[in-house]
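All chains are named by letter (A, B, ...) in the order of the sequence lines, taking the proteins before the strands, and each is independently numbered beginning at 1.
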There are 2 protein chains.
Amino acid sequence: MIDKNSPVPIYFQIEEYIKSSIEQNELRPGDMLPSEREYAESLGVSRMTVRQAFTNLVNEGYLVRQKGRGTFVANQKIEQSLSGLTSFTEDMKQRGLTPSNQLITFHLIPGPKNICEKLEIPEHSPIYEILRVRLADDSPMAIERSYLSANLVKGLTEDIVEHSLYEYIERTLQFSIGTATQTLEATIASEEDADFLHVDVGAALLGIQRLTKLENGTPLEVVYSLYRGDRYKFMIDLKR
Amino acid sequence: MIDKNSPVPIYFQIEEYIKSSIEQNELRPGDMLPSEREYAESLGVSRMTVRQAFTNLVNEGYLVRQKGRGTFVANQKIEQSLSGLTSFTEDMKQRGLTPSNQLITFHLIPGPKNICEKLEIPEHSPIYEILRVRLADDSPMAIERSYLSANLVKGLTEDIVEHSLYEYIERTLQFSIGTATQTLEATIASEEDADFLHVDVGAALLGIQRLTKLENGTPLEVVYSLYRGDRYKFMIDLKR
DNA sequence: CAGTGGTCTAGACCACGGT
DNA sequence: CCGTGGTCTAGACCACTGG
């Protein structure tokens, strides 16, 4: 169960083991775990190593510690939905819907001023403009306009865009996405919107603007989305 | 600077000292801190103790560690705006607007089923129902319907509600607010909504539902709000 | 009372970054 | 090469919980 000679840190191996035990329901919410000392002895490692694993899992919301009592499996993992920076694809899957795309336009254009400012690149720099209708269970859910710097995200093709852009960025380009600033507002469907989304003119739409940055702070993507008000709710957990 | 005989843990004292150094601009974003070993020696404590303080500050977004280089003051404390659980009053002040209230109704009623379920109390338990129009710079911004258990939030009066409910809950009752689950969706103004908000029927409104819980997990408040789409945007920072 | 998590020590070796 | 953070050890005493 634990490989001391692995390059993977022991505390991380312990974390993974406990996480999978929880996910496979071998450990249920409210269950008490073996004490830190028991764990340490049975694995033949120091108590501090076990403690590091436990601490991380507490911070991630999997476990709860109680002084003088023990360590327990948390009732609900709050962090799961908290501050989730997800792609449309991931978001829909989490909701139990099947996502798909309908690519409307895919252009390489000289960047307009307002976009370039947000991406922190010179005006007129080459930019990919991607217009997609996002479908869930084959029915329109949102319109999405994305802008990415062509000098940063190289080798973008229609194929990639129709599949999953985030997967390409994270898996193939090995970029690690950091944070995003997002704005939500309510608007009304114009004639063009109504057309794409199969709703009436004047229907309620949820407008979402997002600026995504990499972990090193480089702006990655500007996205303007319009979600159907009758099909989409945005959920978020907040902490005081 | 550090009191070893204090009941306050050493790592916590170190945290507070570093935090205040950052807040008073003695340490600026990008500055490198003394190494863990230097800190430990100069304070006469173990390196692991310093490390615990550093680790907590990294998790809170104050510091950034770089393998082989050092520990640095973070550029921007993301957590500041991230996942901000704020009251309407706080929210408006942050935006530079002056908040005020117009109390429409304030009733003590037997709780309807759906509300009581969310508040995790028996059906028909006494509940305060508060209906307010929220103003910013004396112009309508939102309609808010709040529900609170009268057995939990005692001594509520019209005066308190017209001032600031959260202040009463946190300052006077000494409750500490923990987390909230929030849902946002786009809707259309009904005739009644339009009346309260001074907008046209069919105008875009941002509907926000919130369930707030105390730190011990007790549900505190259910709120249904309708914000004017032309005046209000909801902003949030997300982490991957 | 025994067992738990909370804090702390004084070392150790490693992988990494920059000189 | 040296200094950094990353990991790990084998102890220790404390405050708290429960029986």
Does [X] put a side-chain nitrogen or oxygen below 4.0 Å from OP1 or OP2 of [N]?
X	N	answer
A:T49	D:dC8	no
B:K67	C:dG18	no
A:Q66	C:dG5	no
B:R47	C:dG11	no
A:S35	C:dG3	no
A:S46	D:dC8	no
A:R65	C:dG6	yes

[X] [atom1] - [N] [atom2] separation (whole Å):
X	N	atom1	atom2	value
B:Q13	C:dT7	CD	P	12 Å
B:E36	C:dA10	CD	C1'	15 Å
B:M48	D:dG5	CE	P	14 Å
B:E41	D:dG3	CD	C1'	14 Å
B:F54	C:dC8	CZ	P	15 Å
B:F12	D:dC14	CZ	C1'	18 Å
B:N5	D:dC13	CG	C1'	14 Å
A:I14	D:dT9	CD1	P	9 Å

### Message
Given the structure, check if the side chain of B:R51 and the base of D:dG6 hold any donor-acceptor pair shorter than 3.5 Å.
### Response
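There is none.
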### Query
Any N or O donor-acceptor pair linking the side chain of A:R69 to the base of C:dG5 at under 3.5 Å?
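A donor-acceptor contact between them is absent.
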### Query
What is the nucleic acid contact for A:Y11, judged by heavy atoms within less than 4.0 Å: base, sugar-phosphate only, or nothing?
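A:Y11: backbone/sugar contact only, no base atoms under 4.0 Å.
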### Message
What contact category does A:E38 fall into here, base, sugar-phosphate, or nothing, at under 4.0 angstrom with non-hydrogen atoms?
### Response
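Counting heavy atoms under 4.0 Å across all strands, the contact made by A:E38 is with sugar-phosphate only.
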### Message
Surrounding CD of B:E41 (heavy atoms of other residues, nucleotides or ligands, distance under 6.0 Å), is the total greater than 12?
### Response
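Open.
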#### Entry: Whether over 12 other heavy atoms sit under 6.0 Å from A:E123 CD
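For A:E123, atom CD is crowded (more than 12 foreign heavy atoms under 6.0 Å).
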### Query
If you pin B:Q52 and B:R37 to their nearest nucleotides in DNA chain C, which one's is more 5'?
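The residue whose closest nucleotide sits nearer the 5' end is B:Q52.
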Just checking, any donor-acceptor pair under 3.5 angstrom between side chains of [X] and [Y]?
X	Y	value
A:E15	A:N56	yes
A:T55	A:R65	yes
B:Y147	B:E129	yes

### Task
Output the distance between atom CD1 (B:I109) and atom CD1 (B:I115), rounded to the nearest 0.5 Å.
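The CD1 atom of B:I115 is 8.0 Å from CD1 of B:I109, to the nearest 0.5 Å.
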### Query
C:dC8, D:dT9, C:dG6: which one has an atom nearest the side-chain heavy atoms of A:K4?
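Between C:dC8, D:dT9, C:dG6, the one nearest the side chain of A:K4 would be D:dT9.
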### Task
Find which nucleotide of DNA chain D each of A:V45 and B:G68 is nearest to by heavy atoms, and output the residue with the more 5' nucleotide.
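Final value for this comparison: B:G68.
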